[in-house]
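So you know, we letter chains A, B, ... as the sequences are listed, proteins then strands, and number each from 1. Model, not experiment: these values are computed from the prediction. Scope of the values below: all heavy atoms of this structure, side chains included, with no hydrogens, waters or symmetry mates.
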Amino acid sequence: MITDIDLAVRHFVYRFFVQETRPPAVAETAAEFGLSLPETEAIYKKLHDGHFLFLEPGQSQIRMANPFSAVSTGFIVRTGAKSYYANCAWDMLGIPAMLHEDATISARFTGPGGVMRMAVKNGRIQDGQGLVHFPLPVRHWYDDLIHT
Amino acid sequence: MLLFRSEEDIKDWCREQGMPLGQVLTLEQVWQLSQSWYGSRLEAEYTGRTAVEAEKIFRQVGLADPFWLFD
């Protein structure tokens with residue numbers, strides 16, 4: 001069962017990611033909350049199992065705090081002075097939606113076509129091209145999140 | 001979820017991957033979905049959402065195909 005401390009850690013992870021453009025390491029979260037490393041790893045695992053964030057397979061390192069990616073991808077979102085990687089074509093729009101900020105986006109097409117550049121300004125998308133494919137029905141989204 | 005230039009490119013990709021065609025959304029549809037899906041994610045009060053709540057978001061954005069149902 002997800003507890004208040006679990007949700008507080010979730011919130012911290014997201015705030016940290018917004019500020020630092022990367023997720024906090026276990027040690028950084030442990031220090032923030034005065035927890036031991038194993039306690040923090042256990043919370044990260046609970047949040048992973050509850051789909052609040054996603055860890056690298058078999059590790060305690062955060063891979064995704066959707067819409068943010070901890071690893072480089074073909075979806076780059078810039079807001080103000082900061083630059084983030086999004087996990088996918090949905091998350092590239094999820095970042096400005098979550099931040100409630102204007103953004104410029106650089107996204108790689110799958111297949112031919114190179115790179116698409118677009119913007120979000122005053123709550124509207126501008127200059128976007130292309131289509132987004134959702135390959136799996138929602139009931140299968142968490143079967144293999146990294147490859148969805 | 002990947003970005004493609006055209007439906008033709010999506011169909012070519014599906015053929016190469018041996019996968020059926022899923023759902024194809026415009027950027028405007030994904031933007032509308034994103035605002036509902038991610039708009040409150042940074043709030044301390046965000047506690048996740050149930051399948052019922054998720055399906056409601058999909059319906060509100062006009063996604064009514066069984067593809068968008070959890071059951």
TODO: State whether B:Arg49 and B:Glu55 are salt-bridged, where the test is any N-O pair (Lys NZ or Arg NE/NH1/NH2 against Asp/Glu carboxylate O) under 4.0 Å.
DONE: no
Task: Distance in Å, A:Phe33 CZ paired with A:Phe12 CZ, rounded so as to fall on 0.5 Å steps - done: 6.5 Å
Task: Segment of A:Leu131 engaging chain B (4.5 angstrom heavy-atom cut-off) - done: both
Task: Sidechain N-carboxylate O distance under 4.0 Å for A:Lys46, A:Asp49 - done: no
Task: Straight-line distance of A:Asp91 CG to B:Met1 CE, nearest 0.5 Å - done: 8.0 Å
TODO: Group every Ile, Leu, Val, Met, Phe, Trp and Tyr by side-chain heavy-atom contacts under 4.5 Å, then state whether A:Met64 and A:Val132 land in the same group.
DONE: yes
Open item on the list: Tell me if the centroids of the rings in B:Trp31 and B:Trp37 come within less than 6.0 Å of each other.
Closed with: no
Open item on the list: Please tell me whether A:Arg78 and A:Thr104 have a donor and an acceptor in their side chains that are separated by less than 3.5 angstrom.
Closed with: no
Task: Partner chain B: residue of A:Gly111, A:Pro67, A:Gly128, A:Ala107 with the largest heavy-atom pair count (under 4.5 Å) - done: A:Pro67
Task: Part of B:Glu28 lying under 4.5 Å from any heavy atom of chain A - done: both
Task: Engaged part of B:Gln29 at the chain A interface, taking heavy atoms whose separation is under 4.5 Å - done: neither
- [ ] Quick one: which of B:Val24, B:Ile10, B:Leu3, B:Leu33 has the most heavy-atom pairs under 4.5 Å with chain A, could you say?
- [x] B:Leu3
TODO: Would you mind telling me which of B:Leu42, B:Asp65, B:Asp9 has the largest number of heavy-atom pairs within less than 4.5 Å of chain A?
DONE: B:Leu42
Task: Residue selection (most heavy-atom pairs with chain B, distance under 4.5 Å) from A:Gly94, A:Ala65, A:Gly50, A:Ala8 - done: A:Gly94
TODO: Against chain B, label A:Arg10 side chain, backbone, both or neither, depending on which of its atoms sit under 4.5 Å from a heavy atom there.
DONE: side chain
Task: Atom group of B:Trp68 that falls short of 4.5 Å from chain A, counting heavy atoms - done: both
Task: Contacting region of B:Asp71 [heavy-atom separation from chain A under 4.5 Å] - done: backbone
Open item on the list: Please identify, among A:Gly114, A:Gly74, A:Gly123, the residue contributing the most non-hydrogen atom pairs under 4.5 Å to chain B.
Closed with: A:Gly123
- [ ] Answer with side chain, backbone, both or neither: which region of B:Trp13 has an atom nearer than 4.5 Å to a non-hydrogen atom of chain A?
- [x] side chain
TODO: Please flag which part of B:Thr47 lies under 4.5 Å from any non-hydrogen atom of chain A: side chain, backbone, both or neither.
DONE: both
TODO: Search all heavy atoms of B:Leu2 against all heavy atoms of A:Ala89 and return the closest pair with its distance.
DONE: C-CB, 3.9 Å
Open item on the list: So for B:Phe58, is it side chain, backbone, both, or neither that comes closer than 4.5 Å to the heavy atoms of chain A?
Closed with: side chain
- [ ] Scan side-chain atoms only and decide if A:Thr29 and A:Tyr44 contain a donor-acceptor pair under the 3.5 Å cut-off.
- [x] yes
